[in-house]
Colleague: 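Pasting in a structure now, in structure tokens, and then I'll have a few things to ask.
We name chains A, B, ... by the order of the sequence lines, and we start the count at 1 in each one.
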Number of protein chains: 2
Amino acid sequence: MSELALDKHLSGLDEILDKSARLMAQLGYHGTSMRDLAQVTGRSLSGLYHYFNSKEELLFLINQRGFTSLLEMSRHLMLQDISPDRRLSGLITNHVTYFIDHLNEMRIMTSGSQEMNDQRSQILWQLKEEYARLGQQIVGTYMRAETGIDYPANIISRKSFLLYGMMNWIFGWYSPQSHGDATEVAADIFRTFTHGCTTVN
Amino acid sequence: MSELALDKHLSGLDEILDKSARLMAQLGYHGTSMRDLAQVTGRSLSGLYHYFNSKEELLFLINQRGFTSLLEMSRHLMLQDISPDRRLSGLITNHVTYFIDHLNEMRIMTSGSQEMNDQRSQILWQLKEEYARLGQQIVGTYMRAETGIDYPANIISRKSFLLYGMMNWIFGWYSPQSHGDATEVAADIFRTFTHGCTTVN
DNA sequence: TAAATTAACGAACGGTCGTTCGGTTGACTA
DNA sequence: TAGTCAACCGAACGACCGTTCGTTAATTTA
């Protein structure tokens, strides 16, 4: 009866999105059939269509839920009155922690939105765009604070993508046994991004 | 009649692998049908099966060809008698240049090998493993040369994955107009990885 | 208690999937 | 000149795809 639990005792749409994301992360969107999803969610094939109108909409909902969560964390971070380097550190910690806690959804979210109709992919594009914009703002402010230089937008943009690359590649290699928890990974990414790989500890 | 040309005048299997990779990079493996591949390669559906025995084998061949090329570049790099930082710089330049010149194949290669049978995925796993091993060796040697410290394997491993993350995320954002050519991107990744984001020029 | 809404189901639809089969070219070889 | 073989094709196979339909319990609302 608890509202939050460590083990997922979700119900309804949230449970379906979670279990669908887990399977789609393994098999891919096209590789996962509605019959597969019916099985892992413990429902009938036709029963799934009570929660969404099409398989494509299910994919959209998974993406929308994830990007909205990420964006809210960044918006909250921008409201805090902290130094540029603590803001950058917060961005990285937020992103990496969310990433490791939601590896399945993130694998889907980072694989593009080619399969969606124009309206839906535009909504996702706006979410991603604002999330990226906030990230570039944080990176640019940090670089300006460290060096006193106002770098052109394309330089800041490229640096930001390198940072997102380090973070988004996590699903390709991360294992908690050998690489530590989210906090440790986030700290390593922060150190590497700000001062290079030889600043280990 | 030239053996190498800027425009692709390939024939046979190489041409099929190239055009298939291009389409699969857009639509995904499961999202691309054999009929789609027949159309873009200018062949009949059944005619494709002259070159491979199954759609899965086609995916394997695309992956094998790419990873073998990457691995050969790294092996060649290890034979050269150069300093650790020039070796690291060479690794990054090789990888980034190959990545940008083969964006389609790389998109497929970085999306895993879940759809392949055990034997094939094991062959690819060995190729990836050796490529990653050489990368970690180069990174570890560089860090040791810079700091005089022998870092534990899991630290080096994690740092290497951050580097590969910066490089492999390229397909998510790269556009030659605003981000420069492969050489410029490689130089930025090298600077960022070795000395941090504030070392821009 | 009656009505309305939610959540679920089995069965079936037309279409597309990967693959196979039997055959036909045309260039090279013995 | 007969034989071989790589290259290629149209047609069809059974399986699976996403989706829809009509229906039925269970729960909530009036």
Colleague: Check Tyr174(B), Phe171(B), Trp169(B), Trp173(B) against Phe161(A) for a ring-ring contact (aromatic ring centres under 6.0 Å, His included) and give me the one that passes.
Modeller: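 For Phe161(A), the ring-ring contact (aromatic ring centres under 6.0 Å, His included) check succeeds only for Trp173(B).
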
Colleague: Under 3.5 Å, is there a donor-acceptor pair linking the side chains of Asp188(B) and His179(B)?
Modeller: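 Side chains of Asp188(B) and His179(B): no pair found under 3.5 Å.
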
Colleague: Between dG18(C) atom P and Met116(B) atom CE, what is the distance in whole Å?
Modeller: 16 Å

Colleague: Output yes when Lys19(A) and Asp14(A) qualify as a salt bridge under the 4.0 Å nitrogen-oxygen rule, no when they do not.
Modeller: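 Here Lys19(A) does not pair with Asp14(A) in a salt bridge, since their nearest N and O are not under 4.0 Å apart.
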
Colleague: With a 6.0 Å cut-off on ring centres, are Tyr29(B) and His30(A) close enough?
Modeller: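 No: the rings miss the under 6.0 Å criterion.
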
Colleague: Yes or no on salt bridge (charged side-chain N to carboxylate O under 4.0 Å, His left out) for Arg120(B) and Glu57(B), after CA distance, side-chain angles and deciding distance?
Modeller: CA-CA 8 Å; Arg120(B) 286 184 180 135; Glu57(B) 183 176 307; 3.0 Å; yes

Colleague: Tell me, which of residues 49-57 of chain A have any heavy atom that sits under 4.0 Å from an atom in DNA chain C?
Modeller: His50(A), Tyr51(A)

Colleague: At their closest point, which heavy atom of Thr198(B) faces which heavy atom of Met143(A), and how far apart are they?
Modeller: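 In terms of heavy atoms, the two residues are closest at CG2-CA, 4.5 Å.
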
Colleague: Residues of residues 29-45 of chain A with any non-hydrogen atom less than 4.0 angstrom from an atom of DNA chain C: list those, numerically ordered, please.
Modeller: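 Contacting residues: Arg35(A), Arg43(A), Ser44(A).
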
Colleague: Determine yes or no for a side-chain-to-main-chain donor-acceptor pair under 3.5 angstrom, with Ser44(A) supplying the side chain and Gly47(A) the backbone.
Modeller: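 Side chain of Ser44(A) to backbone of Gly47(A): a pair is present.
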
Colleague: Do the charged groups of Glu115(A) and Lys55(A) touch, with an N to O distance under 4.0 Å?
Modeller: no

Colleague: At a heavy-atom distance below 4.0 Å, which nucleotide of DNA chain D is the first touched by chain A, and which is the last?
Modeller: dC17(D) to dC21(D)

Colleague: Run the salt-bridge test on Glu129(A) and Arg133(A) with the 4.0 Å N-O cut-off and return the result as yes or no.
Modeller: no

